Amino acid sequence: SLLEPASADDHVCWGGGQRHPASHELWVKDLSVSYRETRALEHVNLHSRCGRSVALVGPNGAGKSTLIKTMAGIVKPDDGEILWRGRRLDGTSREIAYLPQRSEVDWLFPVTVRGLVEMGRYPVVGWWGAYRRHDKDIVDRALETMQLTDLQNRQIGALSGGQQQRTFIARALAQEAHVLILDEPFTGLDKPAQEQLCQLFGELTAEGRLLVASHHELGSVAPIFDEVLLLRRHVVAFGPVEEVFTPSNIEETFGTV
């Protein structure tokens, strides 16, 4: 079962059993990124903390995937910086988990659901470290939380789209990540799978994680996310959904909708 919701003062980081202050904050400060000579992002700013979910919304080519990969430490920015818990991120961090688009994953790779989730422990124990009972317990809990225990011996290519997404989230839970950065997690899922993933998002933020996800379905932003960043290579608007997800800001981001 999931942990109790985080208090206003602290939260329990899942699986680790240690309390951390609520100052677990992610800052993106004046970030600019280029691919060769093409500017993908210009002076992007974002600030959020554990216990919230943030939607990155914008048209194709707006820089959503670039921002996600830069926050995950995969892409190096030209200018600006990313801070997590007050420290500059240079490269990847085991406290931040990146979940790629399903289309980027080789689903024919011969690994079971459990094997993929166990990979989440590698940043903790190392590639050659001892796999302890504690690590097994965390993997078991991740599988249970994502309702994958009965599927743990199935090959990942034999899963439905929703089951595949839940497997990658379980891997992030096994990593004991505080921040989950997801690239279009709802794309290609049928309605029941979308509804299940939406519920899981709420549970994960309630227990104290920060979720940042690119998202393209405008009608479902408000039911799923707490905050939204409207992006068109630069930030059009950022803040609570009820304040900034307005027709005028949407029109500025996409043109007439």
Side-chain angles (χ1 to χ4, degrees), residues 1-3 5 14-15 51-60 64-65 67-69 71-72 96-120 138-175 177 179-229 241 245:
S1 61
L2 293 171
L3 297 175
W14 190 91
R52 296 180 180 176
S53 56
V54 182
L56 307 181
V57 175
N60 292 336
K64 300 187 297 296
S65 291
L67 178 55
I68 279 177
K69 291 178 180 178
M71 287 191 290
I96 298 177
Y98 165 64
L99 287 75
Q101 293 187 30
R102 288 175 51 242
S103 60
E104 297 180 4
V105 177
D106 179 7
W107 296 110
L108 297 179
F109 187 78
V111 66
T112 63
V113 169
R114 185 177 188 91
L116 183 62
V117 176
E118 287 176 343
M119 291 179 185
I138 289 178
V139 170
D140 287 343
R141 187 174 179 184
L143 290 165
E144 179 184 356
T145 299
M146 290 294 106
Q147 303 171 27
L148 294 167
T149 303
D150 292 342
L151 301 174
Q152 62 181 305
N153 296 317
R154 186 172 296 184
Q155 294 290 314
I156 59 171
L159 302 176
S160 69
Q163 291 166 346
Q164 289 171 344
Q165 287 290 42
R166 294 191 341 251
T167 301
F168 268 89
I169 294 175
R171 186 184 69 172
L173 299 186
Q175 184 179 319
V179 183
L180 276 63
I181 301 177
L182 308 96
D183 201 351
E184 297 286 357
F186 291 89
T187 297
L189 303 187
D190 59 24
K191 189 173 181 58
Q194 289 182 10
E195 292 175 348
Q196 184 178 34
L197 188 58
C198 177
Q199 179 181 351
L200 290 170
F201 270 30
E203 292 172 345
L204 292 171
T205 55
E207 69 171 14
R209 284 188 184 79
L210 169 61
L211 272 63
V212 182
S214 57
H215 194 67
H216 71 274
E217 294 185 4
L218 301 185
S220 59
V221 170
I224 299 174
F225 297 95
D226 304 310
E227 300 173 324
V228 60
L229 185 145
V241 171
F245 200 60

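Atoms considered below: every heavy atom in the structure, side chains included; atoms not considered: hydrogens, waters and symmetry mates. The shown structure was predicted, so the numbers you read here are calculated from the model rather than taken from an experiment.
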(request) Using the side-chain contact (heavy atoms from CB on, under 4.5 Å) rule, take Gln165 and Leu200 through it: C-alpha gap first, then chi angles, then the decisive distance, then the call. (result) CA-CA 11 Å; Gln165 287 290 42; Leu200 290 170; over 6 Å; no

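Going from atom CE of Met119 over to atom CD of Gln175 covers 12.5 Å, rounded to the nearest 0.5 Å. Interatomic distance, Met146 CE to Leu204 CG, rounded to the nearest 0.5 Å: 5.0 Å. Atom CD1 of Ile224 and atom CD of Glu217 lie 7.5 Å apart (nearest 0.5 Å). Here the CZ-OG1 distance, from Arg166 to Thr145, works out to 11.5 Å after rounding to the nearest 0.5 Å. Note that CD1 of Ile138 and CG of Leu173 are 10.5 Å apart. Values are rounded to the nearest 0.5 Å. Going from atom OH of Tyr98 over to atom CD1 of Ile181 covers 9.5 Å, rounded to the nearest 0.5 Å.
Of the possible donor and acceptor atoms, one in the side chain of Ser53 sits under 3.5 Å from a partner among the backbone N and O of Asp226. Between the Trp107 side chain and the Arg102 main chain, a donor and an acceptor come within less than 3.5 Å of each other. Between the side chain of Lys64 and the main chain of Pro59, a donor-acceptor pair closer than 3.5 Å is present.
Contacts of Phe186 classified as ring-ring contact (aromatic ring centres under 6.0 Å, His included), with partners at least two apart in sequence or in another chain: Phe201, His215. By the side chain to side chain donor-acceptor pair (under 3.5 Å) test, Thr149 pairs with no residue at all, sequence neighbours left out. The salt bridge (Lys or Arg N to Asp or Glu O under 4.0 Å) search around Glu184 returns none, not counting sequence neighbours. Residues passing the salt bridge (Lys or Arg N to Asp or Glu O under 4.0 Å) test with Arg114 are Glu118, Asp140, sequence neighbours excluded. Partners of Asp190 by side-chain contact (heavy atoms from CB on, under 4.5 Å), not counting sequence neighbours, listed by chain and number: Pro192, Ala193. For Glu195, the salt bridge (Lys or Arg N to Asp or Glu O under 4.0 Å) partners are Lys191, not counting sequence neighbours.
The only option from Val105, Val113, Leu99 that meets the side-chain contact (heavy atoms from CB on, under 4.5 Å) definition with Thr167 turns out to be Val113. Test Leu180, Leu211, Leu148 against Ile169 for side-chain contact (heavy atoms from CB on, under 4.5 Å) and you get one pass: Leu180.
When all heavy atoms are compared, the tightest approach of Leu143 to Gln152 is CD1-OE1, 3.8 Å. Smallest separation of non-hydrogen atoms from Leu159 and Arg154: CD2-CD, 3.7 Å. Contact record, Pro185 with Leu197: O-CD2, 3.6 Å, taken as the closest heavy-atom pair. When all heavy atoms of Ile68 and Ala213 are compared, the closest pair comes out as CD1-C, 4.5 Å. Across all their heavy atoms, Ala142 and Val117 have their closest contact at CB-CG1, 4.1 Å. Shortest non-hydrogen contact noted between Ala174 and Val139 is CB-CG2, 4.4 Å.
In this structure, the side chains of Thr187 and Gln101 stay at 4.5 Å or more apart for every pair of heavy atoms.
More than 12 non-hydrogen atoms from other residues, nucleotides or ligands lie less than 6.0 angstrom from CG of Asp106.
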